[in-house]
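See below for the structure under consideration.
Numbers restart at 1 for each chain; the letters A, B, ... are given by sequence-line order, proteins then strands. If you're wondering where the values come from, they're calculated on a predicted model, not measured in any experiment.
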Amino acid sequence: MNIMTKNKAEAAAPVIADSNALIEAKIENLKQLQARGVNAYPYKFDVTHHAGALQKKYAELAIGVTTEDVVSIAGRVMSNRNSGMFIDLKDETGKIQIFSHKDHLPPEELEKMSYYDLGDIIGVTGIVRRTPRGELTVNTTKVEMLSKSIRPLPEKYHGIHDVELKYRKRYLDLIMNDESRETFRRRSQIISFIRKFLGEEGFMEVETPMLHVIPGGTTAKPFLTHHNALDMPLYMRIAPELYLKRLVVGGFEKVFEIGRNFRNEGISIKHNPEFTALEIYQAYTDYVGMMGLFERIVEGAVKAAHNGETKVKYGAHEIDFKAPWPRKSMAQLVKEKTGIDFMALTDLSAAALAAEKSGVPVRPGSSWGEIVEAVFADKVEGTLIQPIHVTDIPKDVMPLAKTHPENALLTESFEVYINGWEIGPSFSELNDPFDQRARFQNQLEAREKGNDEAMMLDEDFIEALEYGLPPTGGLGIGIDRLVMLLTNSQSIRDVIAFPTLRLHK
RNA sequence: GAUUCCGUAGCUCAGCGGUAGAGCAUCUGACUUUUAAUCAGAGGGUCGUGGGUUCAAAUCCCACCGGGAUCACCA
């Protein structure tokens, strides 16, 4: 490169904050193409085939055989052998080798190709053959630059290992790491299955607000925001529950929503500040009806993502999602694990003493139900590897669930546990407006005692109940955790394309 | 938020008081039916940032920034 062309390149080059020799080399190649009349960013390309389909279609094509089939494919240049004579082209479905030879391409086209780089997106038309070395290949008769890449790809063999880079620049992770592609493909399959299944079951998909005047439907710390024109504080929703029940009041008997919830809490391998939840409400059924529905959704999702299999490896465990799953009450499970029978220890101080004795600290002001739940969380939760319905959750921790008809300390409810994680809760929805008001009052008292996650009183929701909510069963499923289980992902950040991270650099 | 580990070339990683290294990628050349192509050569670094200790710091110490893991809260 002489001084003239170098100056020209620098003058025309867009501003790249972190430019380096690799980027400069690619920009120089871009200029060389432009100097030869190539539009490096053209508008379209007619794709007739994808790599995956070709690999499948020609699986039986014998070694050394050249077909007469002309195909047009497009994708990213991933590797380059024999000075560009062989290129591995990668599209969404897989890889295929491109062969560019002077026997099939005019010299000026071959010369242009010398300015192609790894990472470029190109379109190729050519003839399908299998090389003597056994590689399915397209003999290029025409090649087009579709988008010039001016940044170097990560290491072609190891891909990206730096997890921070994976999360911040997910596109690189997806380009380089097939496992990540597979994870997000499966995520999509799972969600598609759920939509299709619920539609077939007669459920209507609805959308409710994410901006709430009063955050409700669960106990969690909300994000607070502000609407300028209305000059009004608004919370990002922590759950859609109360709005979905309003729709059931309105007469929609089977509704569901798949959407984002926002919780202003800690971040961990199981928690992202925004996460995707499925919530379902069905009129005229109760929590028992929800158990069967829960099982069919999850078992179906597992099969959809695993070619009909119900057994899935996760870490060191093999989890079998085949329904039905066992059903056991929370108190029973605690009793089996610790010997403590909280159903016989309904006195608050006796319950607190028993919990402390078993090594579970009790926060001052805890209710009986909170103590039972704390012991369950500490002693039992982590041992529930295979899917199970943990039923009859204490009323103190379920302010929106119907009281259990046989024991006023409990509710008609269950939570599904898999791999030691709560996948989702479900209950017979409390539809008695007087009881609901009393439960909210209890929450307010807890709030005054310093529990800043306790629920706020939602007067408008109670009014809706006063018009009449039919007997209703509801359930929620944490989609991200379900996807983790079905993709053997160790962190929720591996199943959320763009997880929440700190502002960087 | 607490504890702990990590941050070296575009990427993957060595080096852990004494002149900043390798592979891939890039550039030059050779080769031209390859498979992480190969061969010869070259360029590429504020060792996260800022202080300190030392004759000498990528290396030891402190603070900060970013990330991972564990714990706490939660799904």
For the pair E108(A) and K112(A), find out whether any cationic side-chain nitrogen is under 4.0 Å from an anionic carboxylate oxygen.
no
Does any nucleotide pair with U4(B) by Watson-Crick or G-U wobble geometry, both distances under 3.5 Å, and what is it?
G68(B)
Assign the ring pair Y417(A) / F376(A) to parallel, tilted or perpendicular, where the plane angle (0 to 90°) is split at 30° and 60°.
perpendicular
Closer than 4.0 Å, any side-chain N/O of H101(A) to the OP1 or OP2 of U32(B)?
no
What is the distance, rounded to the nearest whole Å, between atom CE of M78(A) and atom P of U35(B)?
19 Å
Residue among D162(A), D173(A), D494(A) satisfying side-chain hydrogen bond (donor to acceptor under 3.5 Å, both in side chains) with Y167(A):
D494(A)
Where the side chain of V163(A) is concerned, which of A37(B), G67(B), U33(B) is the nearest nucleotide?
G67(B)
Using a cut-off of 4.0 Å on non-hydrogen atoms, how would the nucleic acid contact of L501(A) be classed: base, sugar-phosphate, or nothing?
sugar-phosphate
Answer with base, sugar-phosphate or nothing: what part of the nucleic acid does I269(A) contact at a heavy-atom distance below 4.0 Å?
sugar-phosphate
Remember a base hit wins even if backbone is also touched, and classify R502(A) as base, sugar-phosphate or nothing at under 4.0 Å, heavy atoms.
sugar-phosphate
Applying the Watson-Crick and G-U wobble criteria at under 3.5 Å, what pairs with A36(B)? Answer none if nothing qualifies.
none
Any strand: nucleotide that pairs with U59(B) via Watson-Crick or wobble, under 3.5 Å
none
Check every atom of U33(B), C27(B), C13(B) against the side chain of D117(A) and return the nucleotide holding the closest atom.
C27(B)
With sugar-phosphate meaning primed atoms plus P, OP1 and OP2, does E453(A) contact a base, only sugar-phosphate, or nothing at under 4.0 Å between heavy atoms?
sugar-phosphate
What's E135(A) touching, base or sugar-phosphate or nothing? Going by heavy atoms closer than 4.0 Å.
base
Heavy atoms from C-beta onward define the side chain here; which of G66(B), U12(B), C73(B) lies closest to that of R168(A)?
G66(B)
Selection from U32(B), U12(B), G67(B) that lies nearest to any side-chain heavy atom of E164(A)
G67(B)
Determine which nucleotide pairs with C13(B), using a 3.5 Å limit on both distances of a Watson-Crick or G-U wobble pair.
G21(B)
Base, sugar-phosphate, or nothing for D162(A), non-hydrogen atoms under 4.0 angstrom?
sugar-phosphate
Hey, does N29(A) reach any base, or is it just sugar-phosphate, or nothing, if we go heavy atoms under 4.0 Å?
sugar-phosphate
Modelled atom types, side-chain donor and acceptor of N261(A) and R237(A), under 3.5 Å:
yes
What's the CZ-P distance between R263(A) and C73(B), to the nearest Å?
16 Å
Between Y116(A) and N80(A), does any side-chain donor sit less than 3.5 Å from a side-chain acceptor?
no
From CG of L165(A) across to P of C11(B) the rounded distance in Å is 6 Å
Counting distance alone, no hydrogens or angles: does the base of C31(B) have a donor or acceptor under 3.5 Å from a partner atom on the side chain of S83(A)?
yes
If you look at every strand shown and take non-hydrogen atoms under 4.0 Å, does R129(A) touch a base, only sugar-phosphate, or nothing?
base
H389(A): which of E295(A), K328(A), R327(A) passes side-chain hydrogen bond (donor to acceptor under 3.5 Å, both in side chains):
E295(A)
For Y243(A), enumerate each residue passing the ring pair (Phe, Tyr, Trp, His ring centres under 6.0 Å) test, keeping only those at least two apart in sequence or located in another chain.
H212(A)
Check whether any side-chain heavy atom of R260(A) sits under 4.5 Å from a side-chain heavy atom of M210(A), and report yes or no.
yes
Tell me which nucleotide among C11(B), A25(B), G68(B) gets nearest to the side chain of K156(A).
A25(B)
Nucleotide by nucleotide, 5' to 3', does protein get under 4.0 Å of the base (B), only the sugar-phosphate (S), or neither (-) in nucleotides 39-50 of chain B, counting heavy atoms?
------------
